[in-house]
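Each ligand, and each atom within it, is numbered from 1 in the order the structure gives.
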Amino acid sequence: MGSPSTIDTPVPVSGRTDRREVSNCTVSVILPTFNEAQNIPILVARLQDLLAELDYEIIIVDDDSPDHTWEIAAELSRQYARVLSVRRVDERGLSSAVLTGMHLARGRALVVMDADLQHDESATLDLIAPILAGEADVVVGSREADGGSYGDWNRWRRTVSWGGKQLAQRLLGTQVSDPMSGFFAVSQTRFQAVEPLVNPRGFKILLEFLARGDRPRVREVGYEFRDRLHGATKMSGSVAGSYLLALLDLVLGRMVSATFTAYALVGLIGAIVRLTGLYVLTETGFANAGLIAFELSVLTNYWLNNRFTFAPLARRGSRLLSGLVPFHLIALHGLMVQVGIAATLGDGSSGILENAWWIQLLGIGVATAGNFLGNQRITWRPSVAS
Ligand code: GDD
Ligand code: MN
């Protein structure tokens, strides 16, 4: 094992880090923490007993918790060579914390577990066995499988969880009985194959490993969900909202890239801006309302695409201004494509808005795809990143 270590982010998490090259081990347990100061020492002690016979490592990834969980984790890592602690100061979020941990992990099997003692750690050995035997790529700790239960969850949480499960099963075509589980194991091989495709946002990291890339071989292990003794849940309405977005991304991600999905969503926002603008400006008696509304939507789209869709290649300073030129030309070209399609397929007599819905949809679809390719190749061309 490597020397006892604590890492304060930004850690060199892109590419293989030197830590990973030191030596491999059998199992890495990844514990994401946010305000788990009271729970983490108890869990680490239990895991040490449980895994004593194995070559293991425990990786705690804390997001700069106000209750100083990171300090306790750092202390544990000084005490025990098999404990690694990561304190992330620039990033937040359960899924991305898990990914940070996995990236540093050297185990053949990677286990993810809540650090609040709600997951029954004694199921860990059953989770990793099929992976170490080469029989599964993902093993899900399930509250629905034999021997599993939700503990005393209230009706509301059960209903929300049931709804999320139905959506995931229908949309992603997975048979897993508890796709919302935060307790699971993946093989190092599966992780490396899927890592470049994973969406780091949100709470539902297991879905990513189930749904991205080739279909994995999946097993389930029942476990009993326990109550929280210390601290509070971080689940919230926004977590539920981001769950829906993550599902959408997973479904679309099978057909198109996440970048295109973002681009299309921005386009939708632009369309709303354009229609609202058109309505307001016409009502208030502006001349050229159509032109101004179009320009407003182009500017909105440009800003949002720069900020989100092409964030890694974002234009800044004078390049932010100069990017408006190709973006406008491409937008105008897209408009022409749309008009062209309407003129070719429509009855010829009317403007685009009067044509059948499917002609408009086709026009929008072709124009959006074309604009996307144009902007990807010209406006946000990788080689000229600032
Ligand atoms: N590093 C980091 N950053 N850790 C986080 C963050 C974050 O932003 N948010 C939560 N955690 C940690 C918590 O400290 C805990 O160890 C674990 O992630 C789960 O968070 P909880 O807030 O306890 O989640 P929960 O119990 O409500 O939800 C559980 O059940 C869901 C299924 O219904 C989790 O297991 C979910 O993953 C699971 O989907
Ligand atoms: Mn919890």
Side-chain angles (χ1 to χ4, degrees), residues 7-9 11 13 29-44 47 58-70 72-73 84-104 111-121 123 127 140-144 148-154 156-168 176-185 200-210 223-240 242-244 246-247:
I7 299 176
D8 282 1
T9 46
V11 287
V13 283
V29 181
I30 291 137
L31 305 175
T33 58
F34 195 75
N35 287 345
E36 307 290 0
Q38 288 172 286
N39 295 318
I40 199 75
I42 306 174
L43 180 56
V44 167
L47 287 171
I58 297 172
I59 303 179
I60 304 166
V61 185
D62 186 74
D63 287 354
D64 210 18
S65 296
D67 77 351
H68 289 220
T69 306
W70 43 272
I72 293 164
L84 169 71
S85 94
V86 180
R87 175 187 177 191
R88 305 196 313 164
V89 286
D90 301 331
E91 277 171 284
R92 259 306 295 274
L94 180 50
S95 290
S96 84
V98 168
L99 289 173
T100 296
M102 287 185 162
H103 204 101
L104 297 167
V111 176
V112 179
M113 185 187 303
D114 287 1
D116 56 5
L117 308 172
Q118 291 194 275
H119 291 159
D120 180 2
E121 65 289 332
L127 283 184
V140 181
S142 169
R143 295 160 290 194
E144 303 255 358
S149 93
Y150 283 93
D152 58 2
W153 259 21
N154 64 30
W156 169 239
R157 266 209 88 163
R158 277 173 206 248
T159 311
V160 170
S161 182
W162 182 86
K165 177 185 124 181
Q166 295 299 320
L167 275 173
V176 171
S177 65
D178 192 0
M180 324 268 293
S181 177
F183 188 24
F184 62 94
R201 281 164 297 210
F203 239 60
K204 291 297 161 276
I205 189 73
L206 168 62
L207 284 179
E208 301 284 330
F209 290 107
L210 290 174
Y223 81 96
E224 212 167 297
F225 199 68
R226 301 189 198 122
D227 294 338
R228 233 180 204 282
L229 290 178
H230 307 288
T233 173
K234 284 98 212 168
M235 269 286 191
S236 66
S238 74
V239 165
S242 73
Y243 173 66
L244 292 180
L247 268 184

Taking distance alone, with no angle check, do [X] and ligand 1 share an N/O pair under 3.5 Å?
X	answer
A232	no
K204	yes
V61	yes
D62	no
F34	yes
T233	yes

Examine distances only and state if a side-chain atom of [X] and a backbone atom of [Y] form a donor-acceptor pair shorter than 3.5 Å.
X	Y	result
W70	S65	yes
D63	G93	yes
S177	E144	no
N35	D67	yes
R226	L117	yes

Listing by chain and number, which protein N, O or S atoms are under 2.8 Å from the Mn ion (ligand 2)? D116 OD2, Q118 OE1
So, does R228 sit close enough to ligand 1 that a heavy atom of it is under 4.0 Å from the ligand? yes
R87 to ligand 1, any heavy atom closer than 4.0 Å: no
Check whether any side-chain heavy atom of I40 lies under 4.5 Å from a side-chain heavy atom of L31, and answer yes or no. yes
Give a yes-or-no answer on whether the side chains of T100 and R88 include a donor-acceptor pair shorter than 3.5 Å. yes
Would R87 and T69 count as a side-chain hydrogen bond (donor to acceptor under 3.5 Å, both in side chains) here? Give the steps. CA-CA 9 Å; R87 175 187 177 191; T69 306; over 6 Å; no
What distance do S142 atom OG and F184 atom CZ have between them, rounded to the nearest 0.5 Å? 13.5 Å
Can you figure out which of T69, I60, T33 has its heavy atom closest to atom 2 (C) of ligand 1? T33
Selection from G141, P179, G182 by shortest heavy-atom distance to atom 37 (O) of ligand 1: G182
Checking E208 now: which residues fulfil salt bridge (charged side-chain N to carboxylate O under 4.0 Å, His left out) with it, not counting sequence neighbours? R212
